[in-house]
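Let me begin by presenting the structure, written as structure tokens, before commenting on it.
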Number of protein chains: 2
Amino acid sequence: MSGALAEAPPAAATEPDAEPHFDVIELLFFAYRDFVSDPDRILTDYGFGRAHHRVLHFVNRQPGLTIAELLDILRITKQSLNRVLKELVEKGFIEQRPGVQDRRQRLLFPTAKGRSLALALSRPQDERIRRAINRCGEEDRQAALRFLFAMIDENDRDHVARLVYGAGERKGQ
Amino acid sequence: MSGALAEAPPAAATEPDAEPHFDVIELLFFAYRDFVSDPDRILTDYGFGRAHHRVLHFVNRQPGLTIAELLDILRITKQSLNRVLKELVEKGFIEQRPGVQDRRQRLLFPTAKGRSLALALSRPQDERIRRAINRCGEEDRQAALRFLFAMIDENDRDHVARLVYGAGERKGQ
DNA sequence: GAGATATGTCAATAAGGCTGACGTAACGGA
DNA sequence: TCCGTTACGTCAGCCTTATTGACATATCTC
């Protein structure tokens, strides 16, 4: 431990005992910590938590989303989802309609109230993003998007790409 | 809602009703989702959760960290911290030593076992980062670091910069 | 010596996640 | 038409991680 300047190993491609990328690991932690804390005050005003935010966000972004797709996005169990989803429906932020081709499905749609809250929740996050772009430039934002995308599980990248960039209404109504 | 191609507003600087940056919002969510799931399997082998991981990580990175500093990093209450910290100490992953200048402080140090586990936990995350760099290049990684850093609360950036880049042993021993 | 600080602890509670088991309705193919 | 599968809901119990509030102890600082 003492004696910090040990011999520098010859920089090989993917050397086995290279220092982990603690900078990425930690900046991701700190950025996410502050990022998700933005909407918290608004959420507590409605008696909601971060779980409600995530559900409302994706339903708002993908009107007509099915339960199964939402479970796949959030990576939680249907029991966990159901509790928060039920509250969002009861309080009038999300509507369920039976699927048209497959009536077993419950397609999820935001109500006007739901869209409004989703927008309000995204606002402080968007402001944070805009301040960051002001600091470090649009090129860094685009590079960050590429990097974050590459950090996603390979099997899931196509799915995420469709969700993020191919968004919009898809089913029902 | 219907009639998707409404008039495109003239692109002003910070126009008030511009579309929020859903791409950043969502890619941050998905990248973080997969990123934190990496160490989960290892953690359950030890009976630990993600809270233990966070504590062990920062103690390992900043040997001699105080409780107060750790609370400030994690943004949780001392009661929450204490439970997981106690378990890490009892199981021999972290050691406490009284501060030298201020004996009220309990300085936290990783044991050899703690350093080893911290390294094991960082490995899958580091591999994910390396794969991402292979995909999109070192320049994008550096841009992503700048962008993530700019996403942190302004008041906290100096502190985080010291933590991330000015790391190393600081106190005691 | 007195007040402030750093930390520990007890107790109660809440949010958000899990597993397991079971029920219902609808789809889809033999 | 029957039957297995799928999509979803629900009941019950449990765990982890967080919270608030109150109080205790040791130490620092003035």
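Just so we're clear, the structure is a prediction, and the values are computed from it rather than from any experiment. Sequence lines set the chain letters: A, B, ... in the order given, protein chains first and strands last, and positions in each chain run from 1.
If you take CD of Gln105(A) and C1' of dT6(D), they are 10 Å apart, rounded to a whole angstrom. Rounded to a whole Å, the NZ atom of Lys86(A) is 16 Å from the P atom of dC8(D). Gln101(B) places its CD atom 18 Å from the P atom of dT5(C), with the value rounded to the nearest Å. Atom pair Arg97(A):CZ and dC8(D):C1' shows a separation of 18 Å (rounding to whole Å applied). In this structure, CG of Leu85(B) is placed 14 Å from C1' of dA6(C), rounded to the nearest angstrom. As a whole-Å value, the separation of Leu88(A) CG from dG16(C) P is 10 Å. Taking atom CG on Leu70(A) and atom P on dA7(D), their separation rounds to 15 Å, with Å as the unit. Between the CD atom of Gln79(A) and the P atom of dC11(D) there is a distance of 12 Å, rounded to whole Å.
A side-chain donor from one of His159(B) and Asp72(B) sits under 3.5 Å from a side-chain acceptor of the other.
Looking at heavy-atom distances under 4.0 Å, Arg50(B) makes contact with sugar-phosphate atoms alone, never a base. No engagement by Glu87(A) is indicated, since no non-hydrogen atom pair under 4.0 Å with the nucleic acid exists.
Lys78(A) contributes a side-chain N or O that forms a donor-acceptor pair with the base of dG9(D) under 3.5 Å. Checked by distance alone, Arg106(B) brings no side-chain donor or acceptor within 3.5 Å of a matching partner on the base of dT7(C). For dT27(D), its base never sits under 3.5 Å from the side chain of Arg103(B) at any donor and acceptor pair.
For Arg54(A), a side-chain nitrogen or oxygen approaches OP1 or OP2 of dG17(C) to under 4.0 Å. Between dT19(D) and Thr77(B), a contact under 4.0 Å exists linking OP1 or OP2 to a side-chain N or O. Between His52(A) and dG16(C), a side-chain N or O to OP1/OP2 separation shorter than 4.0 Å is present.
Aromatic rings from Phe149(B) and Phe29(A) are positioned such that their centres are separated by 6.0 Å or more.
Taking for each of Asp102(B) and Leu81(A) the nucleotide of DNA chain C with the nearest heavy atom, the 5'-most of the two is the partner of Asp102(B).
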Using side chain to side chain donor-acceptor pair (under 3.5 Å), reason through Glu69(B) and Thr66(B) one step at a time and then give a plain yes or no.
CA-CA 5 Å; Glu69(B) 285 178 288; Thr66(B) 66; 3.2 Å; yes
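Which of dG9(D), dT7(C), dG17(C) sits closest to the side chain of Ile67(B) comes down to dT7(C). When each of dA7(D), dT27(D), dT17(D) is scored by its nearest atom to the side-chain atoms of Ala51(B), the top-ranked nucleotide is dT17(D). Out of dA18(D), dC8(D), dT10(D), the shortest distance to the side chain of Asn82(A) is found at dT10(D). Among dA7(D), dT19(D), dT5(C), the nucleotide with an atom closest to any side-chain atom of Arg104(B) is dT5(C).
Annotation: cation-pi geometry satisfied between Arg97(B) and Phe109(B) (NZ/CZ under 6.0 angstrom from ring centroid, within 45° of ring axis).
Residues Phe147(A) and Phe147(B) have side chains not in contact (no heavy-atom distance under 4.5 Å, counting atoms from C-beta outward).
No salt bridge links Arg131(A) with Glu154(B); every basic N to acidic carboxylate O contact stays at or beyond 4.0 Å.
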